[in-house]
Amino acid sequence: MNMPSLPHPMPPPKKKSRVMILATGGTIAGTAPANHPNGYVPGKLPMDAMINAIPGIHDLTDIQWRQVAGIGSQDMTFSLMAHLANQIGALFESDTADGVVVPHGTDTVEETAYFLNLVVKSSKPVVLTGAMRPFFTLSSDGPRNLFSAVAVAADAKAVDRGVLVVMNDQIHGARSVQKCHTLDVAAFTSRTCGLMGAICGDCLAGNAIRYFRRPFRKHTHQSEFSVSPDLLFPRVDILYACADMPGDLIDGAVERGARGIVIAGVGNGNMNDHTIRRAAAAVQKGVAVVRSSHVGAGCVLRNVEIDDDAMGFVVANDLPPSKARILLMLALMKNHRPDQIQALFDTY
Ligand code: GLU
């Protein structure tokens with residue numbers, strides 16, 4: 001007997017998105033072995049133990065995971081960041097994942113996030129997360145942060161917002177996020193540019209992930225930078241300015257082979273007169289000098305107290321020293337003239 005056709009056929013079921021977790025370690029995977037003398041060892045818990053302990057996470061999306069490293073992020077290297085970038089690129093190119101989550105130590109998560117933001121060639125979501133308290137300790141922020149990061153990576157509205165960092169129900173842009181507390185679970189801020197978004201309530205109930213803005217600068221698929229794991233990055237040193245800074249720190253960096261120097265300046269990227277003179281001499285030798293600030297918020301402006309045009313200095317705008325170092329390393333692989341490097345700092 002022929003079945004009558006339905007007047008309003010049901011649409012095909014919506015394809016579930018696929019999220020790949022590329023674990024690198026950090027406090028989120030921290031554990032305290034018996035008789036361990038210190039608080040805990042970062043990066044030791046396997047991903048499956050963590051995933052299995054988070055109720056409802058499989059209802060968010062299809063999840064797979066790989067262990068890329070098991071380190072505290074103080075040991076992160078540019079070669080490992082480049083390896084991560086290449087793995088993420090391969091996952092997206094082969095259409096194996098719709099989003100990627102990278103659990104990471106919180107100490108340098110903002111650096112890896114910004115690096116990936118400059119070199120991953122895709123608009124698909126890449127979300128870094130971590131925790132301030134080890135996963136299986138009282139009131140750990142780890143389970144919720146991992147759950148929220150997977151929810152954001154699976155969210156179509158996260159596409160084309162650059163690399164993101166999800167911590168403590170907040171969604172930060174890779175360029176703006178900064179660690180601002182050594183212990184608090186509210187350890188991250190996007191003080192100068194504002195949050196990219198926030199998790200408001202239960203991700204499984206829908207409409208919980210809210211976005212407030214898009215990136216202000218070029219990122220990911222719009223970026224001209226790319227890397228391979230065997231790439232040799234030029235040496236860039238950061239020098240911390242303070243009262244009575246010895247100017248010969250600049251000479252020491254140049255003698256040790258630095259091709260770029262970032263000044264973690266006082267105030268508006270400032271440094272004392274000896275240091276300015278040594279830095280201008282370094283520029284004459286072909287070393288790039290970028291003025292950033294260790295204040296933690298706000299922009300460094302050109303030609304205010306320092307004549308950047310005359311000295312050949314570059315300003316980092318609102319990039320903190322560690323991110324200015326990453327951009328300068330990538331920039332030096334393309335350009336050397338201060339005006340060309342300044343143009344890259346004004347674009348990324
Ligand atoms: N230093 C460790 C790391 O960055 C612990 C900090 C953390 O993950 O919160 O991996």
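For clarity, every value in this text was computed on a predicted model and none was experimentally measured. Note that the numbering runs from 1 along the sequence shown for the chain. All ligand and atom numbering here is 1-based and tracks the order in the structure.
Under the ring-ring contact (aromatic ring centres under 6.0 Å, His included) criterion, H221 pairs with H219, sequence neighbours left out. Not counting sequence neighbours, the partners of F225 by the ring-ring contact (aromatic ring centres under 6.0 Å, His included) test are Y348. Here H58 pairs with nothing under the ring-ring contact (aromatic ring centres under 6.0 Å, His included) rule; sequence neighbours left out.
No donor-acceptor contact under 3.5 angstrom links the side chains of K121 and S226, judged on distance only.
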Quick one: table the atom pairs, ligand 1 N or O against protein N or O, below 3.5 Å, distance rounded to 0.1 Å.
from	atom 1	to	atom 2	distance (Å)
ligand 1	1 (N)	Q74	OE1	2.8
ligand 1	1 (N)	D107	OD2	2.5
ligand 1	4 (O)	S73	N	3.3
ligand 1	4 (O)	S73	OG	2.6
ligand 1	4 (O)	T106	N	3.4
ligand 1	4 (O)	D107	N	3.1
ligand 1	4 (O)	D107	OD2	3.3
ligand 1	8 (O)	T27	N	3.0
ligand 1	8 (O)	T27	OG1	2.9
ligand 1	8 (O)	T106	N	2.9
ligand 1	9 (O)	T27	OG1	3.0
ligand 1	9 (O)	T106	OG1	2.5
ligand 1	9 (O)	A131	O	2.9
ligand 1	10 (O)	S73	N	2.7

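Taken from CD1 in I171 to OG1 in T129, the straight-line distance is 11.0 Å, to the nearest 0.5 Å.
Ion pair D95/K124 flagged as a salt bridge, since at least one NZ, NE, NH1 or NH2 atom sits closer than 4.0 Å to an Asp/Glu carboxylate oxygen.
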